[in-house]
Amino acid sequence: QVQLVESGGGLVQAGGSLRLSCAASGRTISSYAMGWFRQAPGKEREFVAAIGWSGGSTYYADSVKGRFTISADNAKNTVYLQMNSLKPEDTAVYYCAARLGLVPTATLSQYRHWGQGTQVTVSS
């Protein structure tokens with residue numbers, strides 16, 4: 001079983017930055033790829049970024065490429081999402097997720113374990 005706990009959300013002005021953290025626990029966490037997804041009010045949950053624990057391979061949605069950076073600290077079992085140049089359209093609840101396997105993907109249905117989410121609000 002994998003448990004995920006997000007933190008770091010908040011209110012920020014457009015152009016600002018936030019760093020989200022996802023603390024993961026579980027005996028075989030190194031066997032999982034980790035992803036960040038987000039869901040805005042009235043919209044479907046969408047992929048943001050993903051990373052593999054072992055090789056550090058990363059994958060980004062086009063909408064955040066160049067602005068967001070996903071990273072992993074294996075020693076702390078923590079995944080981060082550094083968000084720069086934030087825009088009002090980045091406002092959403094951000095979820096951390098884990099899927100068994102080493103390859104990061106954008107497919108929501110492949111992620112079995114989810115955190116509770118953290119709110120990010122970007123004001124214009």
Side-chain angles (χ1 to χ4, degrees):
Q1 186 69 10
V2 176
Q3 292 82 41
L4 305 173
V5 179
E6 303 102 330
S7 62
L11 173 65
V12 64
Q13 289 188 334
S17 299
L18 280 175
R19 188 177 79 159
L20 305 183
S21 299
C22 173
S25 60
R27 290 193 304 172
T28 59
I29 193 64
S30 59
S31 300
Y32 288 76
M34 304 296 294
W36 285 98
F37 292 78
R38 66 186 181 187
Q39 188 166 19
K43 295 187 177 181
E44 294 185 352
R45 194 170 298 188
E46 65 176 6
F47 170 74
V48 175
I51 189 168
W53 278 113
S54 58
S57 56
T58 57
Y59 185 24
Y60 294 95
D62 288 342
S63 59
V64 305
K65 203 172 293 183
R67 299 189 298 123
F68 291 11
T69 302
I70 189 171
S71 61
D73 185 330
N74 291 354
K76 296 182 179 180
N77 276 359
T78 301
V79 175
Y80 302 99
L81 185 68
Q82 178 67 44
M83 306 185 295
N84 299 328
S85 302
L86 283 161
K87 305 175 182 180
E89 50 264 44
D90 294 318
T91 295
V93 177
Y94 282 71
Y95 297 91
C96 177
R99 65 173 295 268
L100 186 61
L102 302 180
V103 178
T105 73
T107 306
L108 186 149
S109 61
Q110 294 185 2
Y111 289 82
R112 180 178 178 184
H113 305 282
W114 293 83
Q116 81 287 354
T118 185
Q119 177 71 47
V120 171
T121 303
V122 184
S123 63
S124 58

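Atom set for the values below is all heavy atoms of this structure, side chains included, hydrogens, waters and symmetry mates excluded.
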Asker: Who passes side chain to side chain donor-acceptor pair (under 3.5 Å) against Lys65, sequence neighbours left out?
Answerer: Asp62
Asker: Is there a path of hydrophobic side-chain contacts, each under 4.5 Å between heavy atoms of I, L, V, M, F, W or Y residues, that connects Phe68 with Leu11?
Answerer: no
Asker: Are side-chain heavy atoms of Thr118 and Ser7 found at a separation under 4.5 Å?
Answerer: no
Asker: Report yes or no: do Ser25 and Gln3 form a side-chain donor-acceptor pair below 3.5 Å?
Answerer: yes
Asker: For the residue pair Gln119 and Ala92, what are the closest heavy atoms and their distance?
Answerer: NE2-O, 3.5 Å
Asker: Measure across Gln116 and Val5 and return the closest heavy-atom pair with its distance rounded to 0.1 Å.
Answerer: OE1-CA, 3.9 Å
Asker: Which atoms form the tightest heavy-atom contact between Pro104 and Leu102, and what is the distance?
Answerer: CD-O, 3.5 Å
Asker: Sequence neighbours left out, what passes side chain to side chain donor-acceptor pair (under 3.5 Å) with Arg19? Give chain and number order.
Answerer: none
Asker: Residues two or more places apart in sequence or in another chain: which of them pass side-chain contact (heavy atoms from CB on, under 4.5 Å) with Thr58?
Answerer: Ile51, Tyr60, Ile70
Asker: State, to 0.1 Å, how close Ser124 and Pro88 come at their nearest heavy-atom pair, and which atoms those are.
Answerer: CB-CG, 3.9 Å
Asker: Would you check, one step at a time, whether the test side chain to side chain contact (heavy atoms under 4.5 Å, CB included) holds for Glu46 with Gln39?
Answerer: CA-CA 6 Å; Glu46 65 176 6; Gln39 188 166 19; over 6 Å; no
Asker: Is atom CD of Glu44 surrounded by more than 12 heavy atoms (other residues, nucleotides or ligands) closer than 6.0 Å?
Answerer: no
Asker: Taking the side chain as every heavy atom from C-beta outward, state whether Leu100 and Gln110 have any pair of such atoms under 4.5 Å apart.
Answerer: no
Asker: Show me, pair by pair, the donor-acceptor contacts under 3.5 angstrom made by side chains of residues 74-82, not counting sequence neighbours?
Answerer:
{"residue": "Asn74", "atom": "ND2", "partner": "Trp53", "partner atom": "O", "Å": "3.4"}
{"residue": "Thr78", "atom": "OG1", "partner": "Lys76", "partner atom": "O", "Å": "2.9"}
{"residue": "Gln82", "atom": "NE2", "partner": "Asn84", "partner atom": "OD1", "Å": "2.9"}

Asker: Residues sharing Tyr95's hydrophobic cluster, by side-chain heavy-atom contacts under 4.5 Å among ILVMFWY, directly or via others?
Answerer: Phe37, Phe47, Tyr59, Val93, Leu108, Tyr111, Trp114
Asker: When you look at Gln1 and His113, which way does the side chain to side chain contact (heavy atoms under 4.5 Å, CB included) test go after all the steps?
Answerer: CA-CA 8 Å; Gln1 186 69 10; His113 305 282; 4.2 Å; yes
Asker: Kindly say whether Thr121 contributes a backbone atom to a donor-acceptor pair with the side chain of Thr91 at under 3.5 angstrom?
Answerer: no
Asker: Begin from the C-alpha positions of Met83 and Tyr94 and carry the test side chain to side chain contact (heavy atoms under 4.5 Å, CB included) through to its verdict.
Answerer: CA-CA 11 Å; Met83 306 185 295; Tyr94 282 71; 3.9 Å; yes
Asker: What pair of heavy atoms forms the shortest contact from Arg67 to Ser85, and how long is it?
Answerer: NH1-O, 3.0 Å
Asker: Taking the side chain as everything from C-beta on, heavy atoms only, tell me whether Val120 gets closer than 4.5 Å to Asp90.
Answerer: no
Asker: Taking the side chain as C-beta and beyond, is there a heavy-atom pair between Arg38 and Ser63 under 4.5 Å?
Answerer: yes
Asker: Working note: Leu86 + Gln13, criterion side chain to side chain contact (heavy atoms under 4.5 Å, CB included); need CA distance, chi angles, decisive distance, verdict.
Answerer: CA-CA 8 Å; Leu86 283 161; Gln13 289 188 334; over 6 Å; no
Asker: Can you give me the closest heavy-atom contact between Glu6 and Cys96, atom names plus distance?
Answerer: OE2-N, 2.7 Å
Asker: Mind jotting down which residue pairs meet the disulfide bond (SG atoms under 2.5 Å apart) criterion with at least one end in residues 56-87? Sequence neighbours excluded, please.
Answerer: none
